[in-house]
Participant: 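Structure below; questions to follow.
Here is the naming used below: chain letters follow the sequence lines, and residue numbers restart at 1 for every chain.
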Protein chains: 2
Amino acid sequence: MEVLVDHIAKTISLTEEERSQLMSKLTNRRYLKGQYIGQEGDITRILSFIRKGTVRTFYLDASGSEHIISFGIENWWVGDLGSLIEQKPADYNVQCLEDTEVIQISNEDLQSLYITIPKLERFFRILIERAYVSTQKRIVRKQSLPAKERYILFLEHYPEIASRVPQYMIASYLGITKEFLSQIRSQIART
Amino acid sequence: MEVLVDHIAKTISLTEEERSQLMSKLTNRRYLKGQYIGQEGDITRILSFIRKGTVRTFYLDASGSEHIISFGIENWWVGDLGSLIEQKPADYNVQCLEDTEVIQISNEDLQSLYITIPKLERFFRILIERAYVSTQKRIVRKQSLPAKERYILFLEHYPEIASRVPQYMIASYLGITKEFLSQIRSQIART
DNA sequence: AAATGAAGTTAAACTAGTTTAATCTCTTTA
DNA sequence: TAAAGAGATTAAACTAGTTTAACTTCATTT
């Protein structure tokens, strides 16, 4: 669990007292490949920091097909934030694609830590600011680039994820069908 | 400027001292229709809270066509956040679509207020959390709904914006051409 | 009152990406 | 070693949305 405390301490400085206050609220947990950290419809009460493994966040649309919103690997946070902050049923499923180890904190504990360690609020403010900016960039790419270029950028930005995740999931993340991604790939290979 | 302080005090409680500290860092500014609050390429140094008016945030793609990322009306914050937090050239333009009055705070002052009034960090953490969740929902809608349904949802969610902004801009925001939006509208009208 | 220009509409030809369906290649398991 | 199943590929028919271009409407300027 110290891994996470060290990770946080890279952004904000923490006293020994604060480190141990934080540490006392963290728990380790393991999930097997295929297991769900959170499911659509359940209220999300915990935030998970991935120590090892791969995770996807996805939802099912009206016709029952899956759409992947994001992947998570080591050092990423996962959890349905909308559900966590409003304490209403989750829109998204969070599923492990490999055996995965996480460090978790409950929303309740997090809220009380925000009060005892105000700097922690800074850590999460900065984290979410960055997540927001990158989500906005994703909208930009979706609106102005064709699928082939989005795929190439994905490979450049997330080579680690690209190598650990099946292609039909990458297609889903990019917002195209697996068949079309396959065409794009063979077109790239021919070049 | 008290408008903004009151607005913030709805989420976090502020002492008289804190209110006046905050107030001393705020400035009013007016823009005419068509003027830019911020331009692509410039480093964003201020955050603006809209008191009156309508604003759009947009960018130009490689082929020079405009894509609207977001609209802003009364009580919304605008500014290229990516540029503001990393102090690098903005990707986006922020332009007034009507004569607009804003209350502004510089990033520098905001950063120092985060230290003197830690609760302010909470206000912005919560603000960004919500913005993040709604941006993520927008990706979901783009990936799983056809243009017609996205347009209908836009009218439901933002009737105020829909009535104040030309249709070709709504089309741009939805990620479709103005011609196709026109077809959708005539199809809805015929129903 | 005419002329200009910005916003919106309509329609035909086109294309990026989807759908359907068949085939292929691996692993995994019996 | 066969059989089952998950992931990936290919190709043909299809469709949601784009492009191009001509036309309409209405507010603004001259």
Participant: Using side-chain heavy atoms (C-beta onward) and a distance below 4.5 Å, is B:Ile139 in contact with A:Gln136?
Facilitator: no
Participant: To the nearest Å, how far apart are A:Arg164 CZ and D:dG7 P?
Facilitator: 17 Å
Participant: Rounded to the Å, how far apart are B:Leu145 CG and D:dA16 P?
Facilitator: 14 Å
Participant: The side chain of B:Ser182 is closest to which nucleotide in this list: C:dT18, C:dG8, D:dG17?
Facilitator: C:dG8
Participant: Of B:Lys178 and A:Lys148, whose closest DNA chain C nucleotide lies nearer the 5' terminus?
Facilitator: B:Lys178
Participant: Grab the NZ-P distance between A:Lys142 and C:dA16 for me, whole Å please.
Facilitator: 16 Å
Participant: Are A:Arg125 and A:Glu121 close enough for a salt bridge, meaning some N to O gap below 4.0 Å?
Facilitator: no
Participant: Tell me if a side-chain donor or acceptor on A:Arg150 pairs with a main-chain N or O of A:Leu174 at a distance below 3.5 Å.
Facilitator: yes
Participant: Provide, to the nearest angstrom, the distance between the CG atom belonging to A:Asp61 and the P atom belonging to C:dT18.
Facilitator: 13 Å
Participant: Separation of B:Lys33 atom NZ from C:dA6 atom P, in whole Å?
Facilitator: 12 Å
Participant: Taking only the side-chain nitrogens and oxygens of A:Gln183, find out if one of them lies under 4.0 Å from OP1 or OP2 of C:dT18.
Facilitator: no
Participant: What integer distance in Å separates A:Leu181:CG from D:dT10:P?
Facilitator: 12 Å
Participant: Name the closest nucleotide to the B:Glu179 side chain, picking from D:dA21, C:dA21, D:dG17.
Facilitator: D:dA21
Participant: Nearest whole angstrom, please: distance from the P of D:dT19 to the CD1 of B:Ile176.
Facilitator: 12 Å
Participant: So, is B:Ser186 near the phosphate of C:dT10, with a side-chain N or O under 4.0 Å from OP1 or OP2?
Facilitator: yes
Participant: C:dT9 phosphate, OP1 or OP2: any side-chain N/O from B:Arg185 under 4.0 angstrom?
Facilitator: yes
Participant: Between C:dG8, C:dG17, D:dA16, which nucleotide has the shortest distance from any of its atoms to the side chain of B:Tyr168?
Facilitator: C:dG8
Participant: Is a side-chain N or O of B:Lys25 found less than 3.5 angstrom from the main chain of B:Leu113, in a donor-acceptor match?
Facilitator: no
Participant: Which whole-number value in Å describes the distance from B:Phe180 CZ to D:dT20 P?
Facilitator: 17 Å
Participant: Just to confirm, is there a sub-4.0 Å distance from OP1 or OP2 of D:dG17 to any side-chain nitrogen or oxygen of B:Thr177?
Facilitator: no
Participant: Any salt bridge between B:Arg56 and B:Glu66, counting N to O under 4.0 Å?
Facilitator: yes
